**Q** 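Structure in structure tokens, see below.
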Amino acid sequence: MLKLHDTLTRSERELRPLDGKTLRFYCCGPTVYGPAHIGNFRTFVGQDVMRRVVELSGTPTLHVRNITDVDDKTIRDSIKAGQTLADFTRGWTAKFHADCQALNLLPPHVEPSAVAHIPHQVRMIETLVARGHAYAGSDGSVYFRIASFKDYGRLSHLEDRELRLGASEAASAQDSDEYSKDSLADFVLWKARKPEDGDNFWPSPWGEGRPGWHLECSAMIQEYLGDDFDLHGGGVDLIFPHHENEIAQSCCATHGKFAHHWMHSAHLMVDGGKMSKSLGNLYTLADLEQRGYTANEVRYVLISGHYHKPLNFTFDSLTAARSGLQTLAKHEAALREKIGASQPPSHGELITHGTPGLFADAWENLLNDLNVPGALGCVFSKIKDIPATRDAWLSLWFILDALGLTLPPPAGSETVDVPADIQALAEKRWQAKQAKDWAASDTLRKELEAAGWLIKDSKDSYTIVPK
RNA sequence: GGCGAGGUAGCCAAGUGGUAAGGCCGAGGUCUGCAAAACCUCUAUUCGCGGGUUCGAUUCCCGCCCUCGCCUCCA
């Protein structure tokens, strides 16, 4: 049974499905107005490890992750791009899916889009208005009345004073919208149509407009997971206001408790500082692939720190990931050959037949609040002396699958096309070497190196690899 | 200012009231004509700083310093 830190109670709690069968959880997904960056993916990868551990423990999951395809940024940028909102977000959603697949993320069972659930959101607002938790402002927007929910601030542990402080700053901004609210800290559920929204508006009992950001998650959670569900996750920055607002909306619109467990991932930092576009250190998967790194290497880096601690991303860590994966791959390949196995077992096969076995210590680390670095340490400690048995091999894959790691071909095993002239030079060197003409042999090797090729000799043959 | 998360070797990063996993890099060795690969060995008397509790603290308590995040549209 997985013990997972819970943000709300600030303690580690066992993650038990409410219905005793399936772990039902929701993760806040991306806003599709551009490529997701590796910081976003740190959160998704962490959630993926959580899901894999739960499933490998024998508990099936119901994983729901939304696509935010309507908000200020998607509208703004789609208009800028001269595309309809639907066309614009479809493209970025496809890119997101491609990245997820490259990173070996298990696809959610349900991936609802905000635009496809406008009626659900409108219904939820109607309920909130009917129950006195929401009101229409003078500007045609609808707001949630924070004062009507006594537990507001419980997740983020913000006191009334802090909430008011934020509100007073908003007031100083003199945004005319703010005056439509009863309290400056109230947040918007339905945004009245504005000229800059273009064609992107929907009808509602309060006039044309579009839903506020926080509402979509609440509405789609109710639709797919009900009033109570097991776990909700996201990055730490979503704790406030996003998740706080979700709790308020959902608890007031339903009679449920909403999420029974909260998982938040710490931020990814770059070169010791925060990631931001202005600093030029915001990387996407494509950026890193262009520099020659693989998605699997990126995944390794993203899980190499505990999800609850800030992780510093550097290119050195990416290089270290490559070497580490290569070490694992080498031993795994040798083991596989010895036992005559072919393809690694699939996630599904491991769920039904897999056990931690030899790597029980690594598995314990994972069950202990997803201690991935600890688990990796256990794996590396044993991998060199792993017994040549099928059980050991399956146990290894049980852990690797929990981490969602795939292994690259061991270095030197891949076949590369060697140009004929290089091939000829290499052959000439081999002949010189066979004739024990070391001087000629070394000269030819240097020539080959200058051309970008390395010669690796073995007892009675050699291989040519690109430098 | 408030709230929260962190500060462990050159880099990344676990962990524990009893004297510091693992990875990467680096060094030495075995092997090799020399390399490469592989394998072996080594690399923090010390866990941000100062106090306290304790037989004993990196681990608990107090104070301080630093980093990061949130404080209404950021994973």
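Quick caveat: nothing in here was measured; it's all calculated off a predicted structure. We use all heavy atoms of the structure for the numbers below, so side chains are in, but hydrogens, waters and symmetry mates are not. Proteins come first, then strands; the chains are lettered A, B, ... in the order of their sequence lines, and each starts at number 1.
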**Q** Measuring centre to centre across the rings, with the benzene-like ring taken for any Trp, is A:Y152 within less than 6.0 Å of A:F144?
**A**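 For A:Y152 and A:F144, the ring centres are not under 6.0 Å apart.
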**Q** Between A:Y26 and A:F229, how do the two ring planes meet: parallel, tilted or perpendicular, split at 30° and 60°?
**A**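 Plane angle over 60°, so perpendicular.
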**Q** Hey, are A:D316 and A:T319 close enough side-chain-wise for a donor-acceptor pair under 3.5 Å?
**A**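 Distance-only check fails for A:T319 and A:D316.
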**Q** Measure from the side-chain heavy atoms of A:D237 and tell me the nearest of B:rC24, B:rC70, B:rC73.
**A**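 Closest nucleotide to the A:D237 side chain: B:rC70.
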**Q** What is the distance, rounded to the nearest whole Å, between atom OH of A:Y152 and atom P of B:rC71?
**A**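 The answer, rounded to whole Å, is 11 Å.
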**Q** Counting the atoms with a prime plus P, OP1 and OP2 as sugar-phosphate, which does A:N371 contact under 4.0 Å by heavy atoms, base, sugar-phosphate, or nothing?
**A**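 Touches sugar-phosphate only.
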**Q** Heavy atoms from C-beta onward define the side chain here; which of B:rG33, B:rA21, B:rC68 lies closest to that of A:R429?
**A**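 Taking heavy atoms from C-beta onward, the closest nucleotide is B:rG33.
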**Q** Does B:rC34 have its OP1 or OP2 closer than 4.0 Å to a side-chain nitrogen or oxygen of A:S441?
**A**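 False: A:S441 side-chain N/O out of range (4.0 Å or more) of B:rC34 OP1/OP2.
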**Q** Within this structure, what is the CD1-to-P distance between A:I303 and B:rG22, rounded to whole angstrom?
**A**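 Interatomic distance, CD1 of A:I303 to P of B:rG22: 19 Å.
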**Q** Can you check whether A:F44 reaches A:L302 side chain to side chain, under 4.5 Å on heavy atoms?
**A**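 In short, these two side chains do not touch, never coming nearer than 4.5 Å.
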**Q** May I ask you to check whether A:F313 and A:H37 place their ring centres under 6.0 Å from each other?
**A**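 Here the rings of A:F313 and A:H37 have centres that are no less than 6.0 Å from each other.
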**Q** Give A:G234 one of three labels, base, sugar-phosphate or nothing, depending on what nucleic acid heavy atoms sit under 4.0 Å from its own.
**A**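 Sugar-phosphate, backbone atoms only, no base.
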**Q** Classify the nucleic acid contact of A:N312 as base, sugar-phosphate or nothing, counting any heavy atom under 4.0 Å across all strands shown.
**A**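 The residue A:N312 makes sugar-phosphate contact but no base contact.
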**Q** Using distance alone, with no hydrogens and no angle criterion, decide if A:S113 and A:D69 have a side-chain donor and acceptor under 3.5 Å apart.
**A**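 Yes, a side-chain donor-acceptor pair sits under 3.5 Å.
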**Q** Give A:S265 one of three labels, base, sugar-phosphate or nothing, depending on what nucleic acid heavy atoms sit under 4.0 Å from its own.
**A**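 Answer is nothing: A:S265 stays at 4.0 Å or more from every strand.
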**Q** What are the residues of residues 314-322 of chain A, sorted by number, that bring a heavy atom to within less than 4.0 Å of RNA chain B?
**A**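 Residues of residues 314-322 of chain A that come under 4.0 Å of RNA chain B are, in numerical order, A:A320.
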**Q** Give A:I239 one of three labels, base, sugar-phosphate or nothing, depending on what nucleic acid heavy atoms sit under 4.0 Å from its own.
**A**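 Nothing: the residue A:I239, judged by heavy atoms under 4.0 Å, touches no strand.
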**Q** Side chains of A:H242 and A:E246: is there a donor and an acceptor less than 3.5 Å apart?
**A**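 Yes.
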**Q** When you compare the side chain of A:N200 with that of A:V70, does any pair of heavy atoms fall below 4.5 Å?
**A**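 They are not in contact (no side-chain heavy atoms under 4.5 Å apart), so the answer is no.
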**Q** NA contact type, A:H308, heavy-atom cut-off 4.0 Å: base, sugar-phosphate, or nothing?
**A**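 Counting heavy atoms under 4.0 Å across all strands, the contact made by A:H308 is with sugar-phosphate only.
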**Q** Does the pair A:K191/A:D197 count as a salt bridge with the N-to-O cut at 4.0 Å?
**A**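 Salt bridge between A:K191 and A:D197, a charged N being under 4.0 Å from a carboxylate O: no.
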**Q** Mark this stacking check for A:W438 against B:rG33 as yes or no, applying ring centres under 5.5 Å and ring planes under 30°.
**A**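 Whether judged by distance or by angle, A:W438 passes, so it stacks on the base of B:rG33.
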**Q** Should A:K73 be listed as having a side-chain N or O under 4.0 Å from OP1 or OP2 of B:rC74?
**A**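 Looking at the OP1 and OP2 atoms of B:rC74, one of them is under 4.0 Å from a side-chain N or O of A:K73.
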**Q** Please state how far atom CG in A:L268 lies from atom P in B:rC12, giving the value in whole angstrom units.
**A**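 So the CG-P distance, A:L268 to B:rC12, works out to 13 Å.
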**Q** Please give the distance between the C1' atoms of B:rC65 and B:rC24 as a whole number of Å.
**A**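 To the nearest whole Å, 30 Å.
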**Q** Is RNA chain B part of any stem, that is, at least 3 consecutive Watson-Crick or G-U pairs with both distances under 3.5 Å, and where?
**A**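 Stem list for RNA chain B: B:1-7 with B:65-71, B:10-12 with B:22-24, B:26-30 with B:38-42, B:48-52 with B:60-64.
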**Q** Pull out every residue in residues 40-51 of chain A that has a heavy atom closer than 4.0 Å to any atom of RNA chain B, ordered by number, or say none.
**A**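 Contacts with RNA chain B under 4.0 Å: A:N40, A:T43.
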**Q** Show me the pairs that pass salt bridge (Lys or Arg N to Asp or Glu O under 4.0 Å) and involve residues 398-411 of chain A, at least two apart or across chains.
**A**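 Listed once each, the pairs are A:R52-A:D401.
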**Q** The side chain of A:D72 is closest to which nucleotide in this list: B:rG22, B:rC73, B:rC3?
**A**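 Given the options B:rG22, B:rC73, B:rC3, the side chain of A:D72 is closest to B:rC73.
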**Q** B:rA75 P sits how many Å from A:F240 CZ, rounded?
**A**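 These atoms are roughly 16 Å apart.
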**Q** Tell me what A:W213 touches on the nucleic acid: a base, only sugar-phosphate, or nothing, going by heavy atoms under 4.0 Å.
**A**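 Sugar-phosphate contact only - A:W213 comes under 4.0 Å of backbone atoms but never of a base.
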**Q** Output the single nucleotide from B:rG7, B:rC34, B:rG69 whose closest atom is nearest the side chain of A:R445.
**A**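 Between B:rG7, B:rC34, B:rG69, the one nearest the side chain of A:R445 would be B:rC34.
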**Q** Do nucleotides 36-42 of chain B as a string where each nucleotide becomes B, S or -: B if the base has a protein heavy atom under 4.0 Å, S if just the sugar-phosphate does, - if no protein is that close.
**A** B-SS---
**Q** A:D442 side chain: which of B:rC25, B:rG33, B:rG23 is closest?
**A**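 Minimum distance to the A:D442 side chain belongs to B:rG33.
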**Q** Specify the separation, in whole Å, of atom CG of A:N365 and atom P of B:rG15.
**A**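 So the two atoms are 7 Å apart, to the nearest Å.
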**Q** Round to the nearest Å and state the distance from A:F96 atom CZ to B:rA75 atom P.
**A**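 Those two atoms, CZ and P, are 10 Å apart.
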**Q** Are OP1 or OP2 of B:rC68 and a side-chain N or O of A:K309 less than 4.0 angstrom apart?
**A**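 The answer is no; no side-chain N or O of A:K309 sits under 4.0 Å from OP1 or OP2.
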**Q** Considering heavy-atom distances to RNA chain B, does A:E449 or A:G324 have its closest nucleotide positioned more toward the 5' end?
**A**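 Result of the comparison: A:G324.
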**Q** Checking A:E427 against A:Q431: is there a side-chain donor and acceptor pair closer than 3.5 Å?
**A**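 Distance-only check passes for A:Q431 and A:E427.
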**Q** Centroid-to-centroid, A:Y300 to A:Y293, below 6.0 Å?
**A**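 Ring-ring flag for A:Y300/A:Y293: false, centres at least 6.0 Å apart.
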**Q** Looking at B:rA35, B:rA14, B:rC3, which one has an atom nearest to any side-chain atom of A:P373?
**A**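 For A:P373, the side-chain atoms sit closest to B:rA14.
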**Q** Which whole-number value in Å describes the distance from A:W430 CH2 to B:rA35 C1'?
**A**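 It is 13 Å, rounded to the nearest whole Å.
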**Q** Using a 3.5 Å cut-off and no angle test, enumerate the donor-acceptor pairs between side-chain atoms of residues 437-451 of chain A and protein atoms at least two apart in sequence or in another chain.
**A**
from   : atom 1 : to     : atom 2 : distance (Å)
A:D437 : OD1    : A:A440 : N      : 3.3
A:S441 : OG     : A:R429 : NH1    : 3.4
A:T443 : OG1    : A:A439 : O      : 2.8

**Q** Where do A:F315 and A:Y283 land on the ring pair (Phe, Tyr, Trp, His ring centres under 6.0 Å) test, with the steps shown first?
**A** CA-CA 11 Å; A:F315 282 94; A:Y283 300 108; 5.3 Å; yes
**Q** If you assign each of A:P310 and A:G377 to its closest nucleotide in RNA chain B, which residue comes earlier from the 5' end?
**A**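 Result: A:P310.
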**Q** In a check of ring-ring contact (aromatic ring centres under 6.0 Å, His included) between A:H264 and each of A:H5, A:H243, A:H308, which one passes?
**A**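 Of all the options given, the one that passes is A:H243.
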**Q** Nearest 0.5 Å, what's the CD-CG distance between A:Q326 and A:L407?
**A**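 The CD atom of A:Q326 sits 9.5 Å away from the CG atom of A:L407.
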**Q** Considering every strand and a 4.0 Å limit on heavy-atom distances, what is the contact class for A:H37: base, sugar-phosphate, or nothing?
**A**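 If one applies the 4.0 Å heavy-atom cut-off, A:H37 turns out to touch a base.
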**Q** Calculate the interatomic distance between A:I146 atom CD1 and B:rC71 atom C1'; express it in whole Å.
**A**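 Those two atoms, CD1 and C1', are 12 Å apart.
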